2 protein chains.
Amino acid sequence: MQPEVSDHIFYSFLTGGFCDSSSTTTTTSSFYPFAIEDTISQDKSLAALRNHKEAERKRRERINSHLNKLRSLLSCNSKTDKATVLAKVVQRVKELKQQTLEISNETLPSETDEISVLNFEDCSKDDGRIIFKVSFCCEDRPDLLQDLVKILKSLQMETVYADITTIGGRTRNDLVVVADTEKHGVESVKFLQNALKSLLERSSQSVVMRRGGGGGEMTKRRRAPDHIIMV
Amino acid sequence: MQPEVSDHIFYSFLTGGFCDSSSTTTTTSSFYPFAIEDTISQDKSLAALRNHKEAERKRRERINSHLNKLRSLLSCNSKTDKATVLAKVVQRVKELKQQTLEISNETLPSETDEISVLNFEDCSKDDGRIIFKVSFCCEDRPDLLQDLVKILKSLQMETVYADITTIGGRTRNDLVVVADTEKHGVESVKFLQNALKSLLERSSQSVVMRRGGGGGEMTKRRRAPDHIIMV
DNA sequence: CCCAACACGTGAATC
DNA sequence: TGATTCACGTGTTGG
């Protein structure tokens with residue numbers, strides 16, 4: 001492609017001989033370019049420059065190799081911009097960080113008792129089903145799950161998804177339940193909320209002696225909350 | 001820092017005048033460098049080169065800006081190698097892809113009935129608790145969850161974590177249950193496995209007519225599997 | 001002293 | 001053509 005050595009000699013000759021005093025030759029005292037005593041140091045610096053050139057090529061290869069890996073990982077065209085690839089990568093890593101943050105924030109039981117019942121009104125109401133997203137946090141007790149199942153059964157609601165996490169005596173329950181529009185109207189949200197509220201009140205009334213699991217220290221019984229946060 | 005325009009003029013003079021025939025001047029027919037009629041096109045190409053230089057600087061800035069964003073996102077020193085940063089980014093994105101793959105593979109119910117009971121023997125046996133990781137997939141039925149709760153209750157095991165996913169008539173249950181070593185020995189794994197096996201057999205016996213949810217098409221009842229895969 | 005990493009300006013290619 | 005992107009060789013700096 002490009003002239004390799006010839007123009008280099010030419011260039012270094014020019015910069016060293018003409019332009020500046022910061023010459024490539026350091027040991028010689030001669031003022032004449034291409035003088036005899038300069039040939040040795042010239043060879044040395046030439047070899048150094050060749051090494052330098054090679055090293056720089058290797059470095060570029062390394063960087064571009066990783067860039068190509070990123071291109072394939074992001075499944076984008078091999079002719080996509082370097083800058084664009086990096087921008088997309090920034091986006092991806094940000095998403096990853098956000099995800100892990102949400103996981104730790106949204107999957108652990110909260111300290112306060114909370115109930116959230118969301119009615120997915122927009123989501124496929126015409127197929128005869130209503131979908132609720134239920135989430136509540138409260139003190140754990142042995143019969144909580146059984147009571148919850150009974151409640152949903154009595155409301156004739158079917159559990160499609162359940163994610164139940166219990167840690168340190170607190171429990172968090174995320175449910176997706178479906179109900180028939182034939183049996184339920186819009187007021188079924190209230191039924192569900194009230195049933196869950198009674199569930200949590202039962203939970204905070206029952207005083208359980210729990211052997212020190214988890215952390216090991218026997219925590220003082222958390223007092224029943226004055227009110228349960230309803231969302 | 002570096003000489004901006006002066007050496008450029010010098011260089012372009014050299015390459016254009018001395019080295020090669022691919023000169024910077026295209027329209028002129030003069031053979032003399034710095035001839036009068038060349039000054040115009042020289043100015044033009046000089047301006048072009050200045051634009052080019054500027055554009056390249058902008059490009060480098062863009063790339064390095066993204067690289068710095070990646071540095072901060074990966075919380076690594078601002079003097080970390082470009083190549084190293086990119087290598088770490090490749091690692092991260094691979095992990096992300098792996099995670100999302102595992103999520104879709106490990107959270108959806110399998111087509112075949114399966115039971116897996118893992119005894120975490122290495123994990124804190126001396127605090128008087130045994131920890132089991134239970135996972136099973138089977139056909140869904142209304143009383144499945146209730147039966148499961150009864151089984152665990154009868155075995156005096158406490159559910160620490162539960163992840164229950166039901167889709168398309170199939171259900172997948174991932175549980176973490178703890179048992180007392182006072183009440184259970186090593187044989188409790190077998191108890192648990194057998195109880196779950198009976199649960200799944202009950203599941204495959206009961207023939208349920210299910211209204212076509214999800215996909216909408218009424219799927220033919222899947223025949224009871226000849227055997228349940230035990231892990 | 002060299003080595004490794006960087007920014008820079010430039011030529012070439014692509015659109 | 002003009003704009004944009006890339007690879008290259010080089011000068012420079014810090015360990």
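Since we're looking at a predicted model, the values are computed, not measured. Here is the naming used below: chain letters follow the sequence lines, and residue numbers restart at 1 for every chain.
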Check A/E54 with A/K58, please: is the shortest side-chain N to carboxylate O separation under 4.0 Å? no

Rounded to whole Å, please give me the gap between CD in A/E54 and P in D/dC8. 11 Å

Rounded interatomic separation in angstrom, taking NZ from B/K82 and P from D/dA7: 12 Å

Check ion pair A/E56-A/K53 (N to O, under 4.0 angstrom): no

With the threshold set at 4.0 Å, does a side-chain nitrogen-carboxylate oxygen contact exist between A/E95 and A/R92? no

Is a side-chain donor or acceptor of B/R172 paired with a backbone partner of B/S110 at a separation under 3.5 angstrom? no

Give a yes/no answer on whether the side chain of B/R59 brings an N or O atom under 4.0 Å of OP1 or OP2 in D/dC6. yes

Whole angstroms only, please: what is the NZ-P distance between B/K79 and D/dG14? 9 Å

Measure from NZ on B/K58 to P on D/dT5 and round the result to the nearest Å. 13 Å

If you assign A/E56 and B/A55 each to the DNA chain D nucleotide with the nearest heavy atom, which residue ends up on the more 5' nucleotide? B/A55

Within the modelled atom types, does a donor on one side and an acceptor on the other bring the side chain of B/H52 and the base of C/dG9 under 3.5 Å apart? no

Between B/I63 and B/N51, which has a closest nucleotide on DNA chain D that is more 5'? B/N51

Rounded to whole angstrom units, what separation is found between the CG atom of A/N68 and the P atom of D/dC6? 11 Å

To the nearest Å, how far apart are A/R50 CZ and D/dG9 P? 13 Å

Interatomic distance where CG belongs to A/D81 and C1' belongs to C/dC15 [whole Å]: 13 Å

So that I can tick it off, tell me whether B/R170 and B/D113 are bridged by a salt bridge, with the cut-off set at under 4.0 angstrom between side-chain N and carboxylate O. yes

Could you work out which one of D/dG9, D/dT5, C/dA5 sits closest to the side chain of A/R62? C/dA5

Can a donor-acceptor pair under 3.5 Å be found between the side-chain atoms of A/R60 and the base atoms of D/dG9? yes

In whole angstroms, the gap separating P of C/dA4 from CG of A/L49 amounts to 15 Å

